[in-house]
Visitor: 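This structure is in structure tokens; I'll ask about it shortly.
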Amino acid sequence: MTEKIIEVKDLQKWFPIRRSISQFFKGEHNYVKAVDGISFSINRGEIFGLVGESGCGKTTTGKLIMKLLEPTEGTMFLNGEDVTHIEKDELKRYRRNVQMIFQDPYASMNPRFKIRDVMEEPLIIHKLGEDRDARMKMIEKALMEVKLNPPDEFLVRYPHMLSGGQRQRAATARTLLLNPELLVADEPVSMIDLSTRAEILHMMKEVQRDLGLTYLYITHDLSTARYFTDRIAVMYLGKIIEIGDPDDVIDNPVHPYTRALIAAVCEPVAGKVNKPKVVPIKGEIPSAANIPKGCRFHPRCPYAKEECWEKEEPQLQEIEDGHFHACRRWKEVVEEAGRG
Amino acid sequence: MDNILTVDNLKLYYYTSKGVVKAVDDISFSLKKGETLGLVGESGCGKTTTGFALLKMPTPPGKIAGGKIVIDGIDMTPLRENEMRRNIRWEKISMVFQGAMNTLTPVYTIGKQMMETLQEHREMEREEARKRIEKYLNLVGLSGDMVKRYPHELSGGMKQRIAIATALFLEPKVIICDEPTTALDVIVQAQIINLLKDLKEKLDLSFIFITHDLATEAEVSDRIAVMYAGKIVEIGTNQQIYGEQGPCHPYTRNLLAATPRLHAKVSELSFIPGAPPDLLEPPSGCRFHPRCALAMDKCREEEPPLIEIEEEHMVACWRCEKR
């Protein structure tokens, strides 16, 4: 039986926004529903991908898992322990277990610190290593793990002297210092050149295998998600609408939104120039402050029928082993569009 | 087909305090009427600099150090700045800059900003100008009442459409698009790509499409030029680059192999080891040799010329033979 490292249930994050005078007196509120009730769990040693367009709530989910934000509703468990509302010492311990790799390797390091200072800081904060020598040993070991060789050459450099790929390696090494169990990686390669992108993902996978880590990989890029992850969840407007094995989700998508996302991806093959790209979706993503009734995807869905906006919102249902989707008319969709 | 743009031995150097950076070093290519030419390469390979060179507006300390650019029968080389501004830029060739959608002023309406551009170049009645703005907004798939909106009211895709409309305004023949889809979501990306394909057909435009992404290039470009360290290393048609036989230059091959494919199940993605060279001191011989698995002695010593290996397919590599 695989062990769940983190589990979230009906997690919500609503941000209050401006309301009118009459709403104020009636005690009504307006919210941006960034994350609107999601449930999933990540198994130990798994790479879990969270995919979606900007504004779908994937980064907010990452921040909730990092406990940088307090959830509005719902519960979170780390190793079976309720961590929804924890404070101070507990929170500090939690943050050691759950670390983050940020999107922008240029902004996540203090430009006035040398790499050794950048790396030493978390050790000082968490009171690890007796003295400077012990700490430097730990840092060197972490740098070796991410293949920044030889480590002493990198220790004395400033962040601007490193390439984007090297910085993202150093950022990964910094998180490894604290021996985390779960790493939240928010678009770790989207700012890195294509030629080195694969190298970074490869390194992250190697580290994960060697140290038995678990990743939550947040991205908008389905192609790298397929290669990198063990399971992916597709988010739309604050909800997970499809979840499953990457091969199942990408080769046999069920939800019309997943289908549109896949159709929109460019592929390096001949014979597509001067032909319009067919993407079965209408309009633009609505505001999370004003989520459509019924199925939240219905205004953009080419397959939507009355039941989609009149009946209540569809819940995730299992179609085959471990492959879930939230589409009421999935049988018709699959029939009309053909599988795969 | 006629060439709308020909570039011969173009050089753009940055004269920095540390030395001369040869960002664009002796490149030649041509653009046919109604064609899209893709310019691909890693960051720092000189693709954006090439775009700026074509407008004759290098960013200081850059200077055009040589070469000839002919657009629509006009030799741009001897033209002075004010002539460039009056007769060439935006009239013959325009550019959608990287991140152009973020350059709109937040305090003016879209209409006012577009009007400003138009009145700078053309003496035009307000009413006529307004009509033209509306026409171009419609052309890029936006409604005419967009003129009353402020940039913050628009989505990224809409702003990119505005940037494209502004580039089209004065009816240029050639449009340079620098990473027009990079910061956008996949679905919006696909919509913008469709828009560019549609405009190309409707207005008989020619495009230079600059991006780092070979996958996007496959969708939009009739021909693709691959740049490495300031040089063009391979030019070929869409079929020659993406077809079965594939490209010839090891760099293009590696870059293509590093491009993730959605529908191919791969357990390992390949990558190119090392980093692009420092252009202050480019490597001797072929500039790619330090990262190339096929490098031999000749590659280290002599620079390979760009030669034709089959019709329309040019490669600069000692290892490539005629097909």
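Throughout, a chain's letter reflects where its sequence line sits, starting with A, and its residues are numbered from 1.
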Visitor: Got a donor-acceptor contact below 3.5 angstrom from the Thr16(B) side chain to the Gly19(B) backbone?
Guide: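 Judged by distance alone, yes, a pair lies under 3.5 Å.
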Visitor: Go through Val188(B), Thr259(B), Asp185(B) and name the one with the most non-hydrogen pairs under 4.5 angstrom from chain A.
Guide: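 Among the listed options, the one with the most contacts to chain A is Asp185(B).
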Visitor: Given a strict heavy-atom distance threshold of 4.5 Å, which part of Ser270(B) is in contact with chain A: side chain, backbone, both, or neither?
Guide: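 For Ser270(B), the backbone is the part near chain A, not the side chain.
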Visitor: Decide ring-ring contact (aromatic ring centres under 6.0 Å, His included) for Tyr217(A) and Phe228(A); before the verdict, give the C-alpha distance in whole Å, the side-chain angles of both, and the deciding distance to 0.1 Å.
Guide: CA-CA 9 Å; Tyr217(A) 176 65; Phe228(A) 190 61; 4.8 Å; yes
Visitor: Considering only heavy atoms, which portion of Leu256(B) lies under 4.5 Å from any heavy atom of chain A: side chain, backbone, both, or neither?
Guide: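 The side chain, not the backbone.
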Visitor: Where the side chain of Gln160(B) meets the backbone of Pro180(B), is there a donor-acceptor pair that is under 3.5 Å apart?
Guide: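 Yes.
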Visitor: Look at Lys197(B) together with Glu219(B) and state whether they make a salt bridge at an N to O cut-off of under 4.0 Å.
Guide: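 Judged by the 4.0 Å cut-off on N to carboxylate O distance, Lys197(B) and Glu219(B) do form a salt bridge.
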Visitor: Between Val269(A) and chain B, which part of the residue has a heavy atom less than 4.5 Å away: side chain, backbone, both or neither?
Guide: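 Looking at Val269(A), backbone and side chain both touch chain B.
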Visitor: Taking every non-hydrogen pair under 4.5 Å, which of Ala215(B), Ala218(B), Ala190(B) racks up the most with chain A?
Guide: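 Most heavy-atom pairs within the cutoff with chain A belong to Ala215(B).
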Visitor: Report which part of Ile281(A) has an atom under 4.5 Å of a heavy atom belonging to chain B: side chain, backbone, both, or neither.
Guide: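 It is the side chain, since no backbone atom gets that close.
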Visitor: Give the member of Thr224(A), Asp221(A), Asn274(A) that has the highest number of heavy-atom pairs under 4.5 Å with chain B.
Guide: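 When all of Thr224(A), Asp221(A), Asn274(A) are compared, Asn274(A) has the most.
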Visitor: Where along residues 226-238 of chain B does a heavy atom come under 4.5 Å of chain A, listed by residue number?
Guide: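 Residues of residues 226-238 of chain B touching chain A at under 4.5 Å: Asn238(B).
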Visitor: Taking only residues two or more places apart in sequence, or in another chain, which ones meet Lys200(B) in a salt bridge (Lys or Arg N to Asp or Glu O under 4.0 Å)?
Guide: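 Residues passing salt bridge (Lys or Arg N to Asp or Glu O under 4.0 Å) with Lys200(B): Asp222(B).
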Visitor: Side chain, backbone, both or neither: which part of Asp193(A) has a heavy atom under 4.5 Å from chain B?
Guide: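 Asp193(A) touches chain B through side-chain heavy atoms alone.
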Visitor: Side chain, backbone, both or neither: which part of Ile193(B) has a heavy atom under 4.5 Å from chain A?
Guide: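 Contact with chain A involves the side chain of Ile193(B) alone.
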Visitor: Leu279(B) and Gly44(B): which non-hydrogen atoms are nearest, and at how many Å?
Guide: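 Minimum heavy-atom separation between Leu279(B) and Gly44(B): CD1-O, 4.0 Å.
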Visitor: Most heavy-atom pairs under 4.5 angstrom with chain B, which of Gly52(A), Ser163(A), Ala198(A)?
Guide: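 Highest number of heavy-atom pairs under 4.5 Å: Ala198(A).
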Visitor: At a heavy-atom separation under 4.5 Å, does Glu53(A) approach chain B through its side chain, its backbone, both, or neither?
Guide: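 Both parts, backbone and side chain.
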Visitor: Taking atom types as modelled, is there a side-chain donor on Asp213(B) or Thr211(B) under 3.5 Å from an acceptor on the other?
Guide: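 Note: Asp213(B) and Thr211(B) side chains miss the donor-acceptor criterion.
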Visitor: So, using ring pair (Phe, Tyr, Trp, His ring centres under 6.0 Å) as the criterion, who are the partners of Phe207(B) when residues are at least two apart?
Guide: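 Partners of Phe207(B) by the ring pair (Phe, Tyr, Trp, His ring centres under 6.0 Å) criterion come out as none, since no residue qualifies.
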Visitor: Side chain, backbone, both or neither: which part of Ile285(A) has a heavy atom under 4.5 Å from chain B?
Guide: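 Neither the backbone nor the side chain of Ile285(A) comes within 4.5 Å of chain B.
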Visitor: May I ask you to name which of Glu284(A), Glu267(A), Lys272(A) has the most heavy-atom pairs under 4.5 Å with chain B?
Guide: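 Between Glu284(A), Glu267(A), Lys272(A), the count favours Glu267(A).
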Visitor: Are Lys205(A) and Tyr227(A) in a cation-pi setup, meaning NZ or CZ lies under 6.0 angstrom from the ring centre and within 45 degrees of the ring axis?
Guide: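 Verdict for Tyr227(A): a cation-pi partner in Lys205(A).
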Visitor: Can you classify the ring geometry of His249(B) versus Phe288(B) as parallel (below 30°), tilted (30 to 60°) or perpendicular (above 60°)?
Guide: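 If you compare the ring of His249(B) with that of Phe288(B), the planes turn out tilted.
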Visitor: Which answer fits Gln191(B), side chain, backbone, both or neither, if we ask what part of it has an atom under 4.5 Å from a heavy atom of chain A?
Guide: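 Interface part for Gln191(B): side chain.
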Visitor: Does Cys248(B) have any disulfide bond (SG atoms under 2.5 Å apart) partners at least two apart in sequence or in another chain, and if so, which?
Guide: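 Result, disulfide bond (SG atoms under 2.5 Å apart) vs Cys248(B): Cys320(B).
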Visitor: Which atoms of Val220(B) are under 4.5 Å from chain A, going by heavy atoms: the side chain, the backbone, both sets, or neither?
Guide: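 Contact with chain A involves the backbone of Val220(B) alone.
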Visitor: Answer yes when Lys32(B) and Asp2(B) have at least one side-chain N-carboxylate O distance shorter than 4.0 Å, and no when they do not.
Guide: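 Judged by the 4.0 Å cut-off on N to carboxylate O distance, Lys32(B) and Asp2(B) do not form a salt bridge.
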Visitor: Hey, can you tell me if Tyr257(A) and His255(A) have their rings parallel, tilted or perpendicular (30° and 60° cut-offs)?
Guide: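 Geometry flag for His255(A) against Tyr257(A): perpendicular rings.
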Visitor: Are Asp104(A) and Arg167(A) close enough for a salt bridge, meaning some N to O gap below 4.0 Å?
Guide: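 So Asp104(A) does not pair with Arg167(A) through a salt bridge.
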Visitor: With a 4.5 angstrom heavy-atom cut-off, could you sort out which part of Ser54(A) is near chain B: side chain, backbone, both or neither?
Guide: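 Both parts, backbone and side chain.
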Visitor: Any donor-acceptor pair under 3.5 Å linking the side chain of Glu242(A) with the backbone of Val254(A)?
Guide: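 Yes, because the side chain of Glu242(A) sits within donor-acceptor range (under 3.5 Å) of the backbone of Val254(A).
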Visitor: I'd like to know which of Ala270(A), Gly165(A), Ala260(A) tops the heavy-atom pair count under 4.5 Å against chain B.
Guide: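 Most pairs with chain B among the choices: Ala270(A).
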Visitor: Tell me which of these, Leu255(B), Ile187(B), Asp198(B), has more heavy-atom pairs under 4.5 Å with chain A than the rest.
Guide: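 Of the options given, most contacts go to Ile187(B).
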